[in-house]
There are 2 protein chains.
Amino acid sequence: MSEGLPPSSGSSPTLEDVARAAGVSRATVSRVINGIRNVDPAIQETVKKAIAATGYVPNQAARSLVTRRTGAIALVVSGAGDESGEDPFPGQVFADPFFGRVAGGIVGFLRPRGVHPILMFAETAETRAQVLAYLRQGNADGAVLVSTNADDPLPRLLVEAGLPAVLFARPPEPLPISYVDVQHRAGAKLAADHLVARGCKRIATISGPMAVPASQERLAGFRDAMAVHGQPYIPWVEGSFTYPSGEAAMERLLAEHPDIDGVFVANDVMAQAALVVLRHHGRRVPEDVAVVGFDDSSAALACRPPLTTIRHPVEDMAAEMARLLLAHIEEPERQATSVIFEPALVIRESA
Amino acid sequence: MSEGLPPSSGSSPTLEDVARAAGVSRATVSRVINGIRNVDPAIQETVKKAIAATGYVPNQAARSLVTRRTGAIALVVSGAGDESGEDPFPGQVFADPFFGRVAGGIVGFLRPRGVHPILMFAETAETRAQVLAYLRQGNADGAVLVSTNADDPLPRLLVEAGLPAVLFARPPEPLPISYVDVQHRAGAKLAADHLVARGCKRIATISGPMAVPASQERLAGFRDAMAVHGQPYIPWVEGSFTYPSGEAAMERLLAEHPDIDGVFVANDVMAQAALVVLRHHGRRVPEDVAVVGFDDSSAALACRPPLTTIRHPVEDMAAEMARLLLAHIEEPERQATSVIFEPALVIRESA
DNA sequence: CTCACCACAGAGAGCGCTCTCTCCATTCTC
DNA sequence: GAGAATGGAGAGAGCGCTCTCTGTGGTGAG
């Protein structure tokens with residue numbers, strides 16, 4: 001059939017092999033593969049047959065070398081800022097449904113575009129350097145960064161290195177970098193308004209860690225809205241977004257304010273814990289104490305009773321992050337932008 | 001200082017730039033970077049200074065082109081075998097704590113070795129082809145595969161393509177491919193023995209989907225052990241490892257066998273649902289009904305009461321998968337091997 | 001003193017691809 | 001019907017790196 005020798009066995013066929021099989025030049029095969037420019041339909045057909053016959057697959061490394069694109073992006077979970085040499089692996093990160101939703105949103109957007117995320121963690125100075133080096137080596141074209149810590153230096157490092165990156169949540173320090181976020185204050189206001197509308201009189205709140213800007217916003221938004229309702233003083237305990245911290249916070253709240261009849265908890269995981277503590281103390285939800293969470297994560301549905309919460313469109317936000325990142329990669333001079341999402345009240349049974 | 005021109009601004013410095021700055025050849029710089037062979041210590045020092053001065057970072061694409069290694073591996077979650085053109089993105093996969101543990105174990109092992117996993121999903125014939133093409137293009141050196149479905153064709157496709165791969169769980173059809181697994185039968189026996197030792201007399205079980213070999217094994221192991229204890233007939237309802245299926249299964253079990261006093265549930269997520277249903281029906285756990293789960297996932301601790309369960313060393317298994325994969329990449333002719341882990345009973349409060 | 005040997009460093013050939021530039025054959029314009 | 005414009009294909013120069021091969025100076029053996 002073909003007059004060329006079969007491609008040297010062992011290694012896969014190259015463009016050259018296909019070109020020989022099709023009786024055309026390397027350049028023409030390349031054009032057909034990349035679907036560009038003017039190639040005679042008949043020749044196109046011949047080339048496609050040759051590709052199928054040889055079982056040709058383009059070599060990504062060779063392609064990247066000249067295009068300076070890898071078609072991969074890094075999904076970086078950046079964190080605690082533990083500056084010791086130690087590098088405790090944050091296995092629990094994956095356990096958080098929040099991370100799962102982010103990953104899901106990103107993969108959902110990228111997959112149809114043939115881009116796949118490379119999972120990376122950066123907890124220490126050393127691993128941050130690793131991430132930076134990894135990107136500068138051209139292993140990925142850019143990064144989507146989910147920072148769990150306010151004083152994470154990675155966003156700044158990425159900007160300084162001129163690497164395309166998009167953040168989840170507004171960076172604490174002003175930085176020319178694109179990000180997506182949700183209107184935390186507006187969400188907290190929805191919770192406050194709902195609790196007040198329900199008739200709750202003695203309302204308290206469990207916040208997230210004050211080191212996280214989102215926590216500050218939710219707390220401030222909640223307080224502001226409650227002040228508008230005539231309640232400037234709100235009992236408040238700080239949690240850390242984890243289940244145990246939610247338990248502890250709710251216990252403390254009940255001990256200090258046994259008469260509360262409504263609680264706004266800054267995320268669903270802590271709210272789930274709060275529900276268990278309330279039941280344990282014989283409080284009925286929502287009859288005795290109404291509870292509103294934040295996030296509308298899978299935890300909200302696993303709660304008994306199902307949790308009334310503030311929907312945080314994490315998947316959409318994650319998809320938007322991916323979209324912004326691809327845009328920045330495509331157009332390096334593009335200005336940093338922010339995309340802010342609207343939260344929404346989701347009424348279930350806990351309030 | 002250096003006599004060469006500064007590297008052309010805009011693009012990053014190359015080996016050539018460093019070589020010029022150090023006054024040596026490209027080959028020598030390459031030797032220093034890769035830490036091989038005999039290079040005069042004085043020259044080594046000069047080269048290192050030049051690298052620091054120029055801010056040189058090796059280009060991974062160029063390196064991959066000649067070494068035929070990328071230093072990346074694919075973490076593939078392969079699934080439902082939905083052969084329609086549709087490709088419903090399995091967002092819920094991430095919600096499953098099991099997946100999180102696998103990812104955690106793999107990242108924990110790979111990260112210190114500078115390897116990062118590329119997250120991929122393969123649910124349809126089309127996406128399976130995508131994964132295969134991705135690997136053949138040399139985007140990753142091999143794959144670690146977590147299959148959620150028994151008749152997943154991907155393992156076979158990987159073997160046929162001669163791509164290094166390691167599976168989580170034994171493949172249903174015999175295949176020359178390495179895998180890790182746990183002794184499901186032995187784990188189920190631990191559960192059976194524990195329930196019997198507790199004094200349970202009317203024991204039932206909720207299994208996983210029969211399409212999954214692990215589910216079959218757990219059920220068979222449980223039945224065998226119970227038969228040894230003189231109870232050959234065990235009420236049984238099939239679930240699908242999800243929370244709602246656990247709810248439904250427990251409801252049905254209670255309806256059909258209201259007098260049961262012990263249940264073995266084939267995973268923790270369904271056990272969590274079962275606990276809620278039991279409480280809802282006024283059954284005390286473990287006083288009225290003892291419950292044993294399987295996996296020892298994060299769900300086990302989130303249960304009230306905390307779940308007695310069978311520990312499935314998922315993280316260790318995932319790390320072993322990664323180890324095996326790197327070994328196969330290193331040594332392509334290596335024989336396929338299996339590594340089977342021991343389960344263990346973890347006694348908490350539910351039984 | 002000559003020769004073999006070793007330790008190093010440089011030269012240079014690719015790895016497989018993209019993309020510009022060049023060239024040729026048409027078709028169009030007047 | 002001559003010249004210009006245009007569609008379509010090939011030639012060839014790299015992209016940045018690794019690695020083999022070659023070359024050279026210094027050392028030990030005979």
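Convention: sequence-line order gives letters A, B, ...; per-chain numbering from 1. The analysis underlying the following values was restricted to heavy atoms, covering all of them including side chains, and did not include hydrogens, waters or symmetry mates.
One interatomic measurement links the two molecules: CZ of A/Arg68 to P of D/dC17, which rounds to 9 Å at whole-angstrom precision. We find that CD1 of B/Ile33 is positioned 14 Å from C1' of D/dC19, with the value rounded to whole Å. For A/Arg136 and D/dC17, the CZ to P distance is 12 Å, given to the nearest whole Å. Taking atom CD1 of A/Ile43 as the reference point, atom C1' of D/dA9 lies 7 Å away to the nearest angstrom. A/Gln44 has its CD atom 14 Å from the C1' atom of D/dG7, to the nearest Å. We find that OH of B/Tyr56 is positioned 11 Å from C1' of D/dT18, with the value rounded to whole Å. As a whole-Å value, the separation of B/Arg63 CZ from C/dC17 P is 21 Å. As rounded to whole Å, 15 Å separates atom P of D/dG16 from atom CD of A/Gln137.
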Please report the C-alpha distance between B/Leu110 and B/Ile106 in whole Å, then the side-chain angles of each, then the deciding distance to 0.1 Å, and finally whether the side chain to side chain contact (heavy atoms under 4.5 Å, CB included) criterion is met.
-> CA-CA 6 Å; B/Leu110 291 179; B/Ile106 287 171; 3.6 Å; yes
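Contact check, A/Ser30 against C/dC17: no side-chain N or O comes under 4.0 Å of OP1 or OP2. OP1 or OP2 of C/dT18 has not a single side-chain nitrogen or oxygen of A/Thr67 nearer than 4.0 Å. For B/Arg69, no side-chain nitrogen or oxygen approaches OP1 or OP2 of D/dT18 to under 4.0 Å. Between C/dG10 and B/Thr28, a contact under 4.0 Å exists linking OP1 or OP2 to a side-chain N or O. For the OP1/OP2 pair of D/dG16 and a distance below 4.0 Å, the side-chain nitrogens and oxygens of B/Thr14 include no atom meeting the criterion. Dashed line: the shortest gap from a side-chain N or O of B/Asn34 to OP1 or OP2 of D/dT18 is under 4.0 Å.
Ion pairing between a basic and an acidic side chain is recognised when a charged N comes within 4.0 Å of a carboxylate O; B/Arg323 and B/Glu320 show such pairing.
The aromatic rings of A/Phe99 and A/Phe121 lie tilted to each other, with the angle between the two planes from 30° to 60°.
A donor N or O paired with an acceptor N or O is found under 3.5 Å between the base of D/dG10 and the side-chain atoms of A/Arg31.
Here the side chain of A/Leu65 is nearest to one of C/dG16, C/dT18, D/dG10, namely C/dG16. Considering only side-chain atoms of A/Val66, the nucleotide from C/dG12, D/dC15, D/dG10 that sits closest is D/dC15.
For the pair A/Arg113 and A/Phe109, the cation sits on the ring face: its NZ or CZ lies under 6.0 Å from the ring centre, inside 45° of the axis.
A side-chain contact (heavy atoms from CB on, under 4.5 Å) with A/Leu145 is found for exactly one of A/Leu75, A/Val166, A/Asp152, A/Val77, namely A/Asp152.
Judged by closest nucleotide on DNA chain D, B/Ala61 is the one of B/Ala27 and B/Ala61 placed further toward the 5' end.
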